[in-house]
Every structure is written in structure tokens, then in C-alpha cells.
Protein chains: 2
Amino acid sequence: MREDTRTRIQEIALRLFTEQGYEATSLREIAEELGVTKAALYYHFKTKDDIVASLVEQRLTELDELLAWVRSRPRSPETRRELVERYADNIRATRHLGIARFLERNQTALRDHPTLIKIRERMMQLTSEISEPGAPPAERISHSLALFALHAGKWLMKEGELSEEEIHKACLEVAYRLLER
Amino acid sequence: MREDTRTRIQEIALRLFTEQGYEATSLREIAEELGVTKAALYYHFKTKDDIVASLVEQRLTELDELLAWVRSRPRSPETRRELVERYADNIRATRHLGIARFLERNQTALRDHPTLIKIRERMMQLTSEISEPGAPPAERISHSLALFALHAGKWLMKEGELSEEEIHKACLEVAYRLLER
DNA sequence: GTCTATAACCGGATAGAC
DNA sequence: GTCTATCCGGTTATAGAC
């Protein structure tokens, strides 16, 4: 059962943008791999930026939800642990794992993209919700780092002898520890 | 006392590459800001890549030295603590702080640059030296993360009410803690 | 929904004068 | 050491046929 063209464009773009970077990937490459011409892409997306927008809008929504959730709860150790858990599940879900990697690797190239600006903003807000406002600096950095530890495992353990699942559990363990104290 | 042109090109390029990204920065922009024409740059550097090479070669040397040092010592908790301390001092030295930020932000765009490939390689080797080969995954991730914690502080505490020095000390504290256990 | 053709432009890079 | 002038190729994007 054939996927529609729009979805296939998104898949190819996501892969190339992640592997080579946004700027280094031309619409011609995307079109070529899809087996159509460059011009055909313009039927589906207004601009190159628009392809990015379509990829990351869902991720923004998820972060908004996560942020709303954490704000609906008391600032407590339990909330923080559950936030880490939810965030870990979120970036693990197959659909968004690719998006997360794409975002990690194109921060600079897409620094002016409206949706990306909002996503960065939400991440900053999330890291501020994960600490007490008056906490000492080291504690705040430590807590914030907990979220990034969940991303770090994948590219730290690179050509690993470890399974996906082992890395995931190890990252969670490190993240929880960063929340203590 | 006027700096020589070569040095000024490096300064401007470093700033623009860091702010906008390597690909988004054209030689025309660099030349314009310097007050010369694009063609004039080619007297000082063979290619755009060459400007990058001139910026990062010193950093590669430093990492090589750090790696040689850590390998000359026993794999012990003391060595690891001192490595973290040395690494922290290294990325704090004003000359290289800018280079470190440039490297962080252009990983994807410069994924094929020979010097950058070597730098990544050294970082991986450094993270492998900082753990016992047989250590459990969570410990290895935790130790590796210690080095990255030193980078993280700066962009986590963004529009900070904290001084440079406070952030530095807080980052070190978090890094040391990541080495324990 | 996809095509061809093309506009309009900008990128890195080079040749050769001064 | 810097200039002008130019080449060549690639880029996004549009117009209009099918």
C-alpha cells in the first residue's frame, strides 16, 4: 500500500537533513531520490523551510503538552522523576526519535526558523521547571543536564556492543542520579 | 598597532561561522566586514575549508596532548578528576573558548572536514580513557557525560544572573559528581 | 500531480592588472 | 596584498503545459 508523496518527501528530507545537514541538502537531491523533479516538490511544500516546519510542528506540540503537564503539578522530586521518564519515552518513540536527532544536529543552521525558536524556548522552560527557582547553581545545572543525558547516550556509546535497550536503561539511571541532590 | 590581515580574517570568520553556521556564512560576508573584496581572501587562504583548518588545528594539538597525558597515567579516580580539571581549564582559556563553541555548533555542517574528523575521534578516545573498559554502561555514560557537563553550563544558564566564575565552579562540581560511582 | 523550461541569483574559485 | 572581471555550477523558486 503506497504512501502518499508528501509523506515520502518528509521521510527523505528528514534523513538527508540529519545526515548531511539542512544547508548541505538541496531540493534536487530530495527530488532525485524520490524519483521526481525538483519542481514537483513545490506542489507539496511552498518552500524548503516549509518542509522543516512540517517535520517539527508535531514535536513542538508534544513539548507544549509536556510543559503544560509539568506546570500542572507541584514542583517536587516525584514530578521531576516523572518528567524525566516522560521525556525519555517521548524521544524514544520511533516517529520522533528521528526528529530529535534532526533537531540536535541543525540548531545553528536553523537558528532563525520560527518553529525551532519556539522549540528551543520550550526546552529552556522545561529546564527551568525541573529545578527550584532558588536552588544553588550546581543543582540547577545538574537537573537540567538530566534531560540532556537522555540524548547523550546514543552518540556517546556509538559503535556500541550495547543494545538499544541497555543504553536506554543506563541513560535513565544517570538522569535519575542527576536529579538527586 | 594593526593586526595582520590573516588574523583578522580568522577572527571574523570564527565569529560568523559560530553565529550563523559555516554554510550560511559566505566569503563575501567575511570580506565585506573586513573591508576588502572576496578575491583578496584567496591570497591568505586557499579555500573556505582552509580557513576552518587554520582555526581548529591548534585545538587538535591540544586534544592530542591531553590524550597523551591521560594515557601516560594509570586509569585511576585521581587521573579522571585531574583530566576533568585540565579539560575544564582548556576550554576556558579565552583563545579556545570561541573555537570550542564553533566546534559544538558546526558538527554536522563540517562532518567531512579532515581536521574535524580527527577532533571527534580524539573526543571519543578521551571518553573511553575516562572509564574502566569493563565498567557497567551507566558508569561509562556518566563518566563521559562529565566532560560534556563542562560545555553544557554555558548554554544552559543562558541569560544568567550568574557570573562566569560561578557557572564554572558549578559545572566542575557536577562533573566531579558524575565521576563518582 | 508531475512535468519542462527558465528566471534570477549567489556560491566558491581563478586570471591577471596594479 | 588587494583589485576588477569573470567563470561555472548550483540554489530556490515560478510559469505554464500536460
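Each chain gets a letter, A, B and so on, in the order its sequence line appears, and its residues count up from 1.
- Remark: of the listed residues B:Glu164, B:Glu85, B:Glu165, B:Glu165 is the sole one forming a salt bridge (charged side-chain N to carboxylate O under 4.0 Å, His left out) with B:Arg92.
- For the pair A:Ser54 and A:Ile51, the tightest heavy-atom approach, listed with the atom from each and the gap, is OG-O, 2.7 Å.
- With rounding to whole Å, A:Leu41 atom CG is found 15 Å from C:dT4 atom C1'.
- The two residues B:Leu116 and B:Leu110 make their nearest non-hydrogen contact at CB-O, 3.7 Å.
- Consecutive Watson-Crick or G-U pairing (both distances under 3.5 Å) extending over three or more pairs maps onto DNA chain C as C:1-10 with D:9-18, C:12-18 with D:1-7.
- A continuous path of ILVMFWY side-chain contacts below 4.5 Å connects B:Val174 to B:Trp155, so both sit in one hydrophobic cluster.
- For the pair A:Thr5 and C:dT2, the criterion of a side-chain N or O lying under 4.0 Å from OP1 or OP2 is met.
- Taking 4.0 angstrom as the limit, A:Tyr43 places a side-chain polar atom (N or O) nearer than this to OP1 or OP2 of C:dG1.
- In the hydrophobic cluster analysis, where Ile, Leu, Val, Met, Phe, Trp and Tyr join through side-chain heavy atoms closer than 4.5 angstrom, B:Tyr43 is grouped apart from B:Leu27.
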For each nucleotide in nucleotides 4-18 of chain D, reading 5' to 3', give B when a protein heavy atom comes within less than 4.0 Å of its base, S when such contact involves only the sugar-phosphate, and - otherwise. B------SBBB----
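- The nearest whole Å value for the distance from the CG atom in A:Asp4 to the C1' atom in C:dT2 is 15 Å.
- When each of A:Arg105, A:Lys48, A:His113 is checked for a side-chain contact (heavy atoms from CB on, under 4.5 Å) with A:Tyr22, only A:Lys48 meets the rule.
- When the C1' atom of C:dA13 is taken as reference, atom CD1 of B:Ile51 falls 12 Å away, rounded to whole Å.
- No side-chain donor from either of B:Asp50 and B:Tyr42 sits under 3.5 Å from a side-chain acceptor of the other.
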Tell me which donor-acceptor pairs under 3.5 Å the side chains of residues 129-140 of chain B have, and how far apart each pair is, sequence neighbours excluded?
from: B:Glu129; atom 1: OE2; to: B:Arg71; atom 2: NE; distance (Å): 3.1
from: B:Glu132; atom 1: OE2; to: B:Arg80; atom 2: NH1; distance (Å): 3.2
from: B:Glu132; atom 1: OE2; to: B:Arg80; atom 2: NH2; distance (Å): 3.3
from: B:Arg140; atom 1: NH2; to: A:Glu161; atom 2: OE2; distance (Å): 3.2

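- Following rounding to the nearest Å, B:Glu32 (CD) and C:dC10 (P) show an atom-to-atom distance of 12 Å.
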